[in-house]
Amino acid sequence: MKRTRIKDALESMDVGAEVALAGWVRTVRTSKGGFSFLALNDGSCMATIQVVADSALPNYDAVAHLTTGCSVIVRGELVASPAKGQRVEVKATEVQVVGLADADTYPIQPKHHTFEFLRQQAHLRTRTNTFGAVARVRNAVCAAIHEFFQSRHFLYVHTPIITASDCEGAGQLFRVTTLDHAQPPRTPEGQIDYSQDFFGRSSYLTVSGQLEVETYACSLGNVYTFGPTFRAENSNTPRHLAEFWMVEPEIVFADLADDADLAEQFLKFLFRAVLDRCGQDVAFFNERIDKTVIDTLTHVADSDFVRLDYTEAVEILQKADRQWDYPPAWGNDLQTEHERFLTEQTFKKPVILMNYPASIKPFYMRLNDDGRTVAAMDVLVPKIGEIIGGSQREERLDVLESRIDAQHMRKEDYWWYTDLRRYGTVPHAGFGLGLERTVQFVTGMANIRDVIPFPRAPRSADF
RNA sequence: UCCCCGAUAGCUCAAUGGUAGAGCGAGCGGCUGUUAACCGCUAGGUUCUAGGUUCGAGUCCUAGUCGGGGAGCCA
């Protein structure tokens, strides 16, 4: 059948049009006067369309007993609504009941549910206003990510999900193995012999596509990866997942300032795209979830990001008139309370913090001329905190190798990575943007587990 | 992993150590061009689990499980 999207019927079709709607019943209001009102949703938009079914329908008795969650196909005429609340409604000439939903057991009721409850019903929660809206916004963000980079001629690169490099330095890794856990092969020393494993060595799920994507950047120009990422950290917070999606652009013949400019343009593009294309959904979030979302998004999209050296930030924090749980000190990483103070109190807009102490950052970040800081950059936004982490990469072979040594890593594991510096090295830079944190920011959703379809977190891998 | 808080009807929540309730949802009836409609009636409970204190525990104590918030790690 050729379906009429409810969004089209509501927004752009003329009275008198014949429509064929298909979707799920949200609420039913039956009058004993011989007609029923069905509120129908098909996911194409936030709104439901009102279907008027009367007793002239041959199966009217069944229609009048529809309940929340039933699926139906409705054919009829789009007519002007005589009552307040909607421009148009559908006068049904046929209501085909496709699937019933037993009201005694169907978990989604036309009432408020907590997000904690709906997380246990993740397969059905997209039938609610909130999760339908989250899904549409997430889709819009993903489309905008590709648009932004494609329109700037960045090459989309698929970096591997499974990686054999066992020390990328970005957190705990999930091991990938086909060995028998009960009886793993052992080396003469009694260690598990991973040389007999599937890949002939230890392998893991990736924590970042950055090192691999640098190889494409250093031959094909500006590139980006966009895919799933895995961290085995025991993080139990509303901002962390064990499986999440990350966007990682890499730009060549570019330095940290170029990187920061790209990050700012990128975020503004994404926020503007959501405001322009998901108006109904964002309006819903602004009304029901976080009353500041639209103001914040608009403000961020229209204002210049602050650029601030780590060293200056520490000075600002030390002079601030407030008590810290952790007093700021040069050489320590900034605490969440510090980051939020800078972006929410001091500047009231996104802040790009740059040039962190080398001792607290990974080996691949470029050492600055002062010898004690690296060309790192974090973009901080209100409420979420760090949404982007990036850096200019160390392109000088000797400096890179000494940094690898200093962090007690094995140079031979990075032979291909250092080759990029050995042959035709170029200055380059990049960053990582957490997709879910971005969706959190634009929707105001407080818990990251509610902006990904099936969240994976410690002790939580249902569905 | 650490700190704090929580777990009672399908859902959202009440209940001084003394007979476990309400709203919503569901079923039935009434009413109505209705808007998460409205009115009435009915059904619906191992108060997370295991111990303990007490004449008596949803309530107090101990341990555990699960969930939420904060912190750390980070995107």
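Reminder, nothing fancy here: chain letters follow the sequence lines and each chain counts from 1.
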* Are A/Arg437 and B/rC74 close enough that a side-chain N or O sits under 4.0 Å from OP1 or OP2? -> no
* To do: Determine the contact category for A/Arg119: base if any of its heavy atoms lies under 4.0 Å from a base atom, sugar-phosphate if only primed atoms, P, OP1 or OP2 are that close, otherwise nothing.
  => sugar-phosphate
* To do: Pick the C1' atom in B/rA20 and in B/rA14, then give their distance to the nearest Å.
  => 10 Å
* To do: Can you tell me the distance, in whole Å, between the OH atom of A/Tyr326 and the C1' atom of B/rC73?
  => 12 Å
Considering only distance and modelled atom types, tabulate donor-acceptor pairs under 3.5 Å from the side chains of residues 113-124 of chain A, sequence neighbours left out.
| unit_1 | atom_1 | unit_2 | atom_2 | d |
| --- | --- | --- | --- | --- |
| A/His113 | NE2 | A/Pro107 | O | 3.4 |
| A/Thr114 | OG1 | A/Phe117 | N | 3.2 |
| A/Arg119 | NE | A/Asp450 | OD1 | 2.8 |
| A/Arg119 | NH2 | A/Asp450 | OD1 | 3.4 |
| A/Arg119 | NH2 | A/Asp450 | OD2 | 2.7 |

* Asked: Whole Å only: how far is the NE2 atom of A/His338 from the P atom of B/rA71?
  -> 12 Å
* Structure fact -> Regarding the side chain of A/Pro238, the nearest nucleotide among B/rG69, B/rG68, B/rC11 is B/rG69
* **Under 3.5 Å donor-acceptor pair, A/Ser235 side-chain atoms to B/rC74 base atoms** => no
* Let me have a per-nucleotide readout for nucleotides 41-47 of chain B, 5' to 3', with B, S or -, counting only protein heavy atoms under 4.0 Å. => -------
* **Euclidean distance, atom CD1 of residue A/Ile108 to atom C1' of B/rC24 [Å, nearest integer]** => 15 Å
* Asked: Would you say a side-chain N or O of A/Asn236 is under 4.0 Å from OP1 or OP2 of B/rG70?
  -> no
* Quickly work out the A/Glu243 CD to B/rC74 P distance and round it to whole Å. => 21 Å
* Decide whether A/Gln210 and A/Glu214 meet the rule of one side-chain donor and one side-chain acceptor closer than 3.5 Å. => yes
* Structure fact -> Comparing A/Gln120 with A/Gly432, nearest RNA chain B nucleotide closer to 5' gives the residue A/Gln120
* Who passes ring-ring contact (aromatic ring centres under 6.0 Å, His included) against A/His338, sequence neighbours left out? -> A/Trp324
* Structure fact -> With sequence neighbours left out, the residues meeting side chain to side chain donor-acceptor pair (under 3.5 Å) with A/Ser235 are none
* Set of ring-ring contact (aromatic ring centres under 6.0 Å, His included) partners for A/His65, sequence neighbours left out -> none
* Could you give me the stems involving RNA chain B, meaning stretches of three or more consecutive Watson-Crick or G-U wobble pairs whose two defining distances are both below 3.5 Å? => B:1-7 with B:65-71, B:10-13 with B:21-24, B:26-30 with B:38-42, B:48-52 with B:60-64
* Asked: Considering only the P atoms, how many Å lie between B/rU49 and B/rA7, rounded to the nearest integer?
  -> 13 Å
* Asked: Using 30° and 60° as the class limits, which term best fits the ring planes of A/Phe266 and A/Phe431: parallel, tilted or perpendicular?
  -> tilted
* Asked: Going 5' to 3' along nucleotides 30-38 of chain B, which nucleotides have protein heavy atoms under 4.0 Å from the base (write B), which only from the sugar-phosphate (write S), and which from neither (write -)?
  -> -BBBBBBS-
* Asked: If the P atom of B/rU42 is compared with that of B/rA50, how far apart are they to the nearest Å?
  -> 33 Å
* Asked: A/Met246 side chain: which of B/rA71, B/rA75, B/rU12 is closest?
  -> B/rA75
* Asked: Can you tell me how far P in B/rU47 sits from the matching atom in B/rG51, rounded to whole Å?
  -> 14 Å
* Quantified in whole Å, what is the P atom distance between nucleotide B/rG70 and nucleotide B/rG33? -> 49 Å
* What pairs with A/His112 under ring-ring contact (aromatic ring centres under 6.0 Å, His included), at least two apart in sequence or on another chain? -> none
* Asked: Where does the angle between the aromatic ring planes of A/Phe226 and A/His146 fall among parallel (under 30°), tilted (30 to 60°) and perpendicular (over 60°)?
  -> tilted
* Considering heavy-atom distances to RNA chain B, does A/Asn447 or A/Glu386 have its closest nucleotide positioned more toward the 5' end? -> A/Asn447
* Describe the nucleic acid contact of A/Ile384 in one word from base, sugar-phosphate, nothing, applying a heavy-atom distance below 4.0 Å. => nothing
* Asked: In whole angstroms, how far is the C1' atom of B/rC66 from the CZ atom of A/Phe117?
  -> 16 Å
* To the nearest Å, how far apart are A/Asp333 CG and B/rC73 P? -> 6 Å
* To do: Measure from CG on A/Leu241 to P on B/rC73 and round the result to the nearest Å.
  => 18 Å
* Asked: Reckon A/Thr237 touches a base, only the sugar-phosphate, or nothing at all at heavy-atom distances under 4.0 Å?
  -> base
* To do: Keeping to residues at least two apart or across chains, list the ring-ring contact (aromatic ring centres under 6.0 Å, His included) pairs with something in residues 6-44 of chain A.
  => A/Phe35-A/Phe37
* To do: For B/rU59 and B/rU46, measure between their P atoms and round to the nearest Å.
  => 16 Å
* Rounded off to whole Å, could you give me the CD-to-P distance for the A/Glu116 and B/rG67 pair? => 11 Å
* Asked: Between A/Asp378 and A/Lys361, is there a side-chain N and carboxylate O pair less than 4.0 Å apart?
  -> yes
* So which of residues 128-136 of chain A are in contact with RNA chain B, with a heavy-atom cut-off of under 4.0 Å? -> none
* **salt bridge (charged side-chain N to carboxylate O under 4.0 Å, His left out) contacts touching residues 451-463 of chain A (sequence neighbours left out)** => none
* Asked: Angle class for the A/Tyr310/A/Trp330 ring planes (parallel below 30°, perpendicular above 60°, tilted otherwise)?
  -> perpendicular
* **Between B/rC48 and B/rA9 - P atom distance, rounded Å** => 8 Å
* Do the numbers put A/Arg152 on top of the ring of A/Phe148, so that NZ or CZ is under 6.0 Å from the six-membered ring centre and no more than 45° off the axis? -> yes
* Hey, does A/Ile108 have a side-chain heavy atom less than 4.5 Å from the side chain of A/Thr128? -> yes
* Count the heavy atoms belonging to other residues, nucleotides or ligands that lie under 6.0 Å from OH of A/Tyr216, then report whether that count exceeds 12. => no
* **Interatomic distance at C1', B/rC38 relative to B/rU34, whole Å** => 10 Å
* Asked: With A/Phe154, which residues qualify under ring-ring contact (aromatic ring centres under 6.0 Å, His included), at least two apart?
  -> A/Phe149
